[in-house]
Amino acid sequence: MDSSSGLPTLAVVGATGAVGAVMLDLLSVRRDVYGEIRLVGSERSAGRTLRVRGERAAAVALAPEVFDGVDIAAFAVPAPVAAEWAPVAAARGAVAVDGSGAFRMCADVPLVVPELNPERVRDRPRGIVAGPGCTTLSMIVALGALHRRYGLRELVVASYQAASSAGRDGVDTLYAQLEKVGGDRALGNRAGDIRGVVGELGPFPAPLALNVVPWAGTREDGGWTSEEVAVRAETRKVLGLPGLKVSATCVRVPVVTAHSVAVHAVFEERTDQREAQAILACSPGVVLCDSPETHEFPTPSDVVGTDPAWAGRVRRSLDDPHALDLFLCCDNLRKGAALNTAQIAELIAAGRTG
């Protein structure tokens with residue numbers, strides 16, 4: 001803890017990356033609960049000057065000693081980096097808050113969404129707290145609110161995932177492909193013509209421009225992808241429903257930032273459309289945008305840069321009074337990554353200063 005202020009010291013690991021940049025923005029606009037904030041990056045980015053809380057500070061290279069005197073270390077880095085360095089931070093006395101997939105399914109690491117299970121931050125035997133992935137976070141706050149009323153039994157979801165969840169390479173690839181196909185109105189009329197024009201596929205297995213790609217993550221058994229399996233496992237863990245039936249299809253779409261998820265949720269209790277809308281409208285971290293008469297519903301271009309999950313197209317199933325269908329949108333770099341990590345860190349900070 002910063003002895004001069006009595007407030008915790010925070011280290012942001014991955015401060016120079018895409019999610020790290022959003023984290024610094026959040027730290028500059030949210031309630032200030034920290035004394036010192038250390039900005040940590042790779043050796044290549046060490047010395048780079050960044051702005052946080054209205055001041056400029058230089059990033060330092062990731063090394064064991066950067067965690068000395070740190071109370072909370074927020075990791076906005078790829079899973080292999082977090083897997084190596086989060087235990088180092090914990091061993092040096094910090095609580096590591098990891099936004100990657102390195103520790104999410106470890107039995108001795110809590111998986112926390114502050115709107116739903118904030119009490120879990122206290123149960124951290126390894127000194128590590130994890131947050132779910134961006135697809136799960138795009139839907140879990142809204143689903144958790146409905147689960148409290150109706151009792152969730154089964155989920156069938158289809159995600160429409162932005163290029164930015166594949167990192168800067170994903171965004172760069174999408175823009176490069178759009179430049180190549182832009183203005184050619186003949187494209188998209190013959191099989192393979194877009195593939196032949198875009199050239200480099202980047203992190204995607206097929207062209208993303210003028211296309212949708214039904215694959216996100218790596219291959220798992222049975223034809224599933226790692227992201228689809230993760231949605232199932234993370235939803236079960238966060239909601240405390242180990243037997244929840246979940247089927248997910250994860251799709252990449254030519255959107256820069258903000259995920260969308262189409263959800264079919266089956267509950268124990270009979271549902272009611274207006275009541276469900278009212279529940280979502282009153283739930284922290286959720287904004288209801290749902291007016292069929294005026295065609296109001298969330299889209300990525302409307303929600304990007306905002307913090308909540310946006311809910312719309314809320315309907316009771318035509319064939320099952322226990323089921324609801326809805327459409328959710330969320331900025332995958334904010335609540336889907338940096339914001340959830342920041343919220344967890346704030347819970348820990350409150351416990352250290354309270």
Side-chain angles (χ1 to χ4, degrees), residues 14 17-19 76-83 99-102 104-105 132-140 155-235 246-264 299-301 304 327-333 336-337:
V19 176
V77 295
V81 179
S100 82
R104 288 172 186 156
M105 300 318 300
C134 53
T135 308
T136 301
L137 281 167
S138 297
M139 66 180 191
I140 196 69
L155 277 177
V156 180
V157 302
S159 70
Y160 308 97
Q161 297 180 214
S164 56
S165 66
R168 285 183 170 160
D169 188 24
V171 174
D172 291 343
T173 297
L174 175 58
Y175 276 125
Q177 291 183 358
L178 289 172
E179 288 177 0
K180 291 179 179 178
V181 302
D184 188 347
R185 300 187 64 175
L187 287 173
N189 294 298
R190 297 182 306 279
D193 60 355
I194 295 173
R195 186 182 294 268
V197 168
V198 300
E200 291 294 326
L201 298 178
F204 311 116
L208 193 57
L210 303 184
N211 202 18
V212 296
V213 182
W215 188 274
T218 56
R219 183 173 62 86
E220 298 284 335
D221 292 342
W224 297 96
T225 73
S226 57
E227 295 221 12
E228 292 161 349
V229 172
V231 167
R232 176 175 180 264
E234 292 166 11
T235 301
V246 182
S247 178
T249 300
C250 291
V251 181
R252 298 280 190 194
V253 295
V255 168
V256 177
T257 299
H259 286 356
S260 303
V261 188
V263 175
H264 177 77
T299 72
S301 64
V304 64
F327 191 77
L328 302 165
C329 279
C330 180
D331 186 315
N332 55 291
L333 297 181

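Predicted model only: the values in this text are computed from it and were never measured. Just so you know, these numbers use all the heavy atoms, side chains as well, and skip hydrogens, waters and symmetry mates.
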Inset, instruction - Please check if the side chain of N332 supplies one atom and the backbone of A258 the other of a donor-acceptor pair under 3.5 Å. - result: yes
Which pairs of donor and acceptor atoms, one on a side chain in residues 209-221, lie under 3.5 Å apart (sequence neighbours left out)?
{"unit_1": "N211", "atom_1": "ND2", "unit_2": "P207", "atom_2": "O", "d": "2.8"}
{"unit_1": "W215", "atom_1": "NE1", "unit_2": "G217", "atom_2": "O", "d": "3.0"}
{"unit_1": "T218", "atom_1": "OG1", "unit_2": "S226", "atom_2": "OG", "d": "3.3"}

Inset, instruction - Enter the distance from Y160:OH to T299:OG1 here, rounded to the nearest 0.5 Å. - result: 14.0 Å
Legend entry - Donor + acceptor pair across side chains of R252, S165 (<3.5 Å): yes
Legend entry - Heavy-atom check, side chain of V231 versus side chain of V229, under 4.5 Å: no
Legend entry - Sequence-distant partners of Q161, side-chain hydrogen bond (donor to acceptor under 3.5 Å, both in side chains), two or more places apart: T135, S159, E227
Legend entry - Heavy-atom pair with the smallest gap, counting every atom of S301 and V304: O-CG1, 3.9 Å
Inset, instruction - Apply salt bridge (charged side-chain N to carboxylate O under 4.0 Å, His left out) to R104 and list each qualifying residue two or more places apart in sequence or on a separate chain. - result: E234
Inset, instruction - Applying side-chain hydrogen bond (donor to acceptor under 3.5 Å, both in side chains), name anything that partners S260, two or more places apart in sequence or on another chain. - result: none
Legend entry - Spacing of T257 atom OG1 and L174 atom CG [to the nearest 0.5 Å]: 9.5 Å
Legend entry - Contact summary for L208 and A163, nearest pair of heavy atoms: CD2-CB, 3.9 Å
Inset, instruction - Say whether, by atom type as modelled, one donor and one acceptor occur between the side chain of S138 and the main chain of H259 under 3.5 angstrom. - result: no
Inset, instruction - Output the distance between atom CD1 (I140) and atom CG (L155), rounded to the nearest 0.5 Å. - result: 7.5 Å
Inset, instruction - Could you pull out the closest heavy-atom pair between A230 and T136, with the gap in Å? - result: O-OG1, 4.2 Å
Inset, instruction - Hey, could you give me the SG/CE distance between C134 and M139, rounded to the nearest 0.5 Å? - result: 11.5 Å
Legend entry - Sidechain-backbone polar pair: S164 side chain, G167 backbone, donor-acceptor under 3.5 Å: no
Which donor-acceptor pairs under 3.5 Å do side chains of residues 179-186 form with protein atoms, sequence neighbours excluded?
{"unit_1": "K180", "atom_1": "NZ", "unit_2": "V198", "atom_2": "O", "d": "3.0"}
{"unit_1": "D184", "atom_1": "OD1", "unit_2": "A186", "atom_2": "N", "d": "3.1"}

Legend entry - Non-hydrogen side-chain atoms of T173 and F204 separated by less than 4.5 Å: yes
Legend entry - Which atom of G14 lies closest to which atom of V77, heavy atoms considered: CA-CG1, 3.6 Å
Inset, instruction - Sort and list the pairs that fulfil salt bridge (charged side-chain N to carboxylate O under 4.0 Å, His left out) and have at least one residue in residues 189-206, not counting sequence neighbours. - result: none
Legend entry - Minimum heavy-atom distance C330-G336, with the two atoms named: SG-N, 4.2 Å
Legend entry - Any side-chain heavy-atom pair of W224 and S247 under 4.5 Å: yes
